[in-house]
Amino acid sequence: MRVTHGLPLAGKTTLGMGGPAAVFADLQDLADFPEFVALTEAFPGAPTCLGAGSNVLVADVGCSSPVLRMDTRGVRFVGEAADGRTLVEVQAGHPLSDLVDTTVDHGLTGMEMLTGIPGTVGATPVQNVGAYGQEISDVLVEVTAWDWTARRRVTLDAAACGLAHRSSVFKGSSRWTLLTLVFALRKSALGAPLTYRMVAEQLDMPVGSRVPPAEAAQAVLAVRRRKGMVLGCSDADRRTVGSVFFSPEVTPAQARRLQDEGASLNRFPDGSTRVSASWLMRRAGFALGSPVAEGVRVSHLHHTLVADEGASAAGFTEAIGVVVQRVLERTGIHLTPEIDFLGDWPQEGASCFCGEPRQGSPKGRRFATE
Ligand SMILES: Cc1cc2nc3c(=O)[nH]c(=O)nc-3n(C[C@H](O)[C@H](O)[C@H](O)COP(=O)(O)OP(=O)(O)OC[C@H]3O[C@@H](n4cnc5c(N)ncnc54)[C@H](O)[C@@H]3O)c2cc1C
């Protein structure tokens, strides 16, 4: 384990902003985890966990609690579940993209639609990562985690993780650090049905058809690239967290009204109907590429916020506030941030735009929710 003091966190996140970590530990071997636990004893509260930094905004002043960067790697096929699915055990720091490729190469279906999502496997249950009809909740069996409240290692089955739409018991909480994860995937020549029109059109197939997992993954990647939802596909828009906002749930009456206005609506496995946050930004009049706050603008490729030279975390939160306000005024719908706020945020700095106290609340030491 490498431990550094005062390391700027900006370079550890895809938005490329945020101040230093008082203590930064890079964990590459799980056997060193007890050393990190010992190190944290000098600090109050739970430490902050970081994966690839693709869904976080770090405060400009940085983080006074120790930051653990999960960089452990490894994928092991560990047998069969009772229902015949193949069980795969993965280290939390393993890149999700590599896990998806590995499972597709082994002829397994269950994760192929998650191709192109940046980040580590350990972060996937935090917001029940999902895309194009698949979610981590479809395949997660259990996780092992360090429980900072009980100060011991625990095993949580999928039900105990409380996975819901872009949410779980881990979202907005610093209580657990996920260490290893077990997934169950089905061996099959054909992947999951194509539920998204754009992916089906990319394959020139009707919605509902099934193709081999590798073909579905290729189509999803092509669609994601066009929308700038793959890291590195656009130099100008590279400082991104993908979606900044949750797709809000709408009532049947709102859904009917929005549909008449041409909104992009989707039904999710939890039964909710949601309107795309990108569509709401477009509807509220945000033009592609337009500035929203100093150093923060709308991406050139789709309706989300990205950072430029001169951006700060304070500027990014200001931009979030501007979008929330204008979308509310123009559409009557309240957006809430999907990203996690790490580090030492002033209470008012991050709470001004957060409609729901748990989601998007700062996880730093001063505002730890546990
Ligand atoms: C271009 C782009 C496209 C994206 N597309 C999608 C998409 O289609 N669907 C989607 O759901 N998300 C998407 N995201 C968001 C992001 O990639 C995911 O949320 C991803 O799971 C974050 O992984 P990470 O390792 O970067 O986590 P980080 O950003 O480092 O951390 C995210 C949160 O997880 C916590 N965390 C990280 N690791 C652990 C751990 N081991 N134990 C406990 N807590 C942990 C952190 O404390 C933080 O709260 C996209 C992001 C980008 C930049």
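All of these numbers come straight from a predicted model, not from anything done at the bench. Sequential numbering from 1 along the given sequence is applied to the chain's residues. Remember, it's 1-based here, ligands and their atoms both numbered in the order they're listed.
Each of the atoms 42 (N), 43 (C) of ligand 1 lies under 4.0 Å from some heavy atom of Thr177. Short contacts between ligand 1 and Thr120, defined as distances under 4.0 Å to a heavy atom of the residue, involve ligand atoms 23 (O), 24 (P), 25 (O). Heavy-atom proximity to Arg224, at under 4.0 Å, picks out these atoms of ligand 1: 3 (C), 4 (C), 5 (N), 6 (C), 7 (C), 8 (O). Atoms of ligand 1 lying under 4.0 Å from at least one heavy atom of Gly119, given by number and element, are 23 (O), 24 (P), 25 (O), 26 (O). Near Val241, meaning under 4.0 Å from any of its heavy atoms, are these atoms of ligand 1: 50 (C), 51 (C), 52 (C), 53 (C). The Gly242 neighbourhood of ligand 1 comprises atoms 2 (C), 3 (C), 51 (C), 52 (C), 53 (C), with distances under 4.0 Å to a heavy atom of that residue. Within ligand 1, the atoms closer than 4.0 Å to a non-hydrogen atom of Gly130 are 7 (C), 8 (O), 9 (N), 10 (C), 11 (O), numbered from 1 in the order shown.
Here the shortest heavy-atom distance to atom 12 (N) of ligand 1, taken over Gln127, Arg238, Glu135, Arg239, belongs to Gln127. With atom 23 (O) of ligand 1 as the reference point, the heavy atom nearest to it among Pro47, Ala123, Gly116 is part of Ala123. Closest to atom 13 (C) of ligand 1 by heavy atom, among Thr240, Val143, Ile117, is Ile117.
Using a cutoff of 4.0 Å between basic side-chain nitrogens and carboxylate oxygens, Arg73 and Asp98 are not scored as salt-bridged. Look at Asp147 and Arg175 and you find a salt bridge, because one of the NZ, NE, NH1 or NH2 atoms lies within 4.0 Å of a carboxylate O, short of that distance. Ion pair Asp237/Arg297 flagged as a salt bridge, since at least one NZ, NE, NH1 or NH2 atom sits closer than 4.0 Å to an Asp/Glu carboxylate oxygen. Ion pairing of Lys171 with Glu338 is absent here, as no side-chain N (NZ or NE/NH1/NH2) approaches a carboxylate O to less than 4.0 Å. Ionic pairing of Arg85 and Glu80 is not present here: no N-O contact between side-chain nitrogen and carboxylate oxygen is shorter than 4.0 angstrom.
Using the six-membered ring where Trp is involved, Phe36 and Phe33 have ring planes that are tilted, between 30° and 60° apart.
Between the side chains of Ser54 and Thr14, no donor N or O sits under 3.5 Å from an acceptor N or O. Under the 3.5 Å distance criterion, with hydrogens and angles disregarded, no donor-acceptor pair is assigned to the side chains of Arg197 and Gln202. Side-chain N/O atoms of Ser174 and Trp148 include no donor and acceptor closer than 3.5 Å. For Arg186 and Ser188, the side-chain atoms include no donor-acceptor pair closer than 3.5 Å.
With a 4.0 Å cut-off on non-hydrogen atoms, Arg166 touches ligand 1 through its side chain and not its backbone. Contacts between Met70 and ligand 1, counted as non-hydrogen atom pairs separated by less than 4.0 Å, involve the side chain only. Of all the heavy atoms of Leu178, the ones lying under 4.0 Å from any atom of ligand 1 are found in both the backbone and the side chain. When non-hydrogen atoms are compared, ligand 1 lies under 4.0 Å from the backbone of Trp176 (N, CA, C, O) but not from its side chain. Only side-chain heavy atoms of Val126 come within less than 4.0 Å of ligand 1; its backbone N, CA, C and O stay farther off. Residue contacts with ligand 1 for Asp340 involve side-chain atoms from C-beta outward but no N, CA, C or O (heavy atoms, distance under 4.0 Å). At a 4.0 Å heavy-atom cut-off, ligand 1 touches Ala131 through the side chain alone.
Summarising the geometry of Trp279 relative to Ala263, their closest heavy-atom pair is CE2-CA, 3.2 Å, with the distance given to 0.1 Å.
Between His5 and Phe24, the gap from one ring centroid to the other reaches at least 6.0 Å.
No more than 12 heavy atoms of other residues, nucleotides or ligands sit less than 6.0 Å from atom CD of Glu294.
At a 3.5 angstrom cut-off on N or O pairs, Glu338 does not count as close to ligand 1. Checked by distance only, ligand 1 and Val129 stay at 3.5 Å or farther apart across all their nitrogen or oxygen atoms. Considering backbone and side-chain atoms alike, Gly228 places every N or O at 3.5 Å or more from each N or O of ligand 1. When only interatomic distances are considered, the shortest N/O to N/O separation between Asn128 and ligand 1 does not fall below 3.5 Å. Checked by distance only, ligand 1 and Leu231 stay at 3.5 Å or farther apart across all their nitrogen or oxygen atoms.
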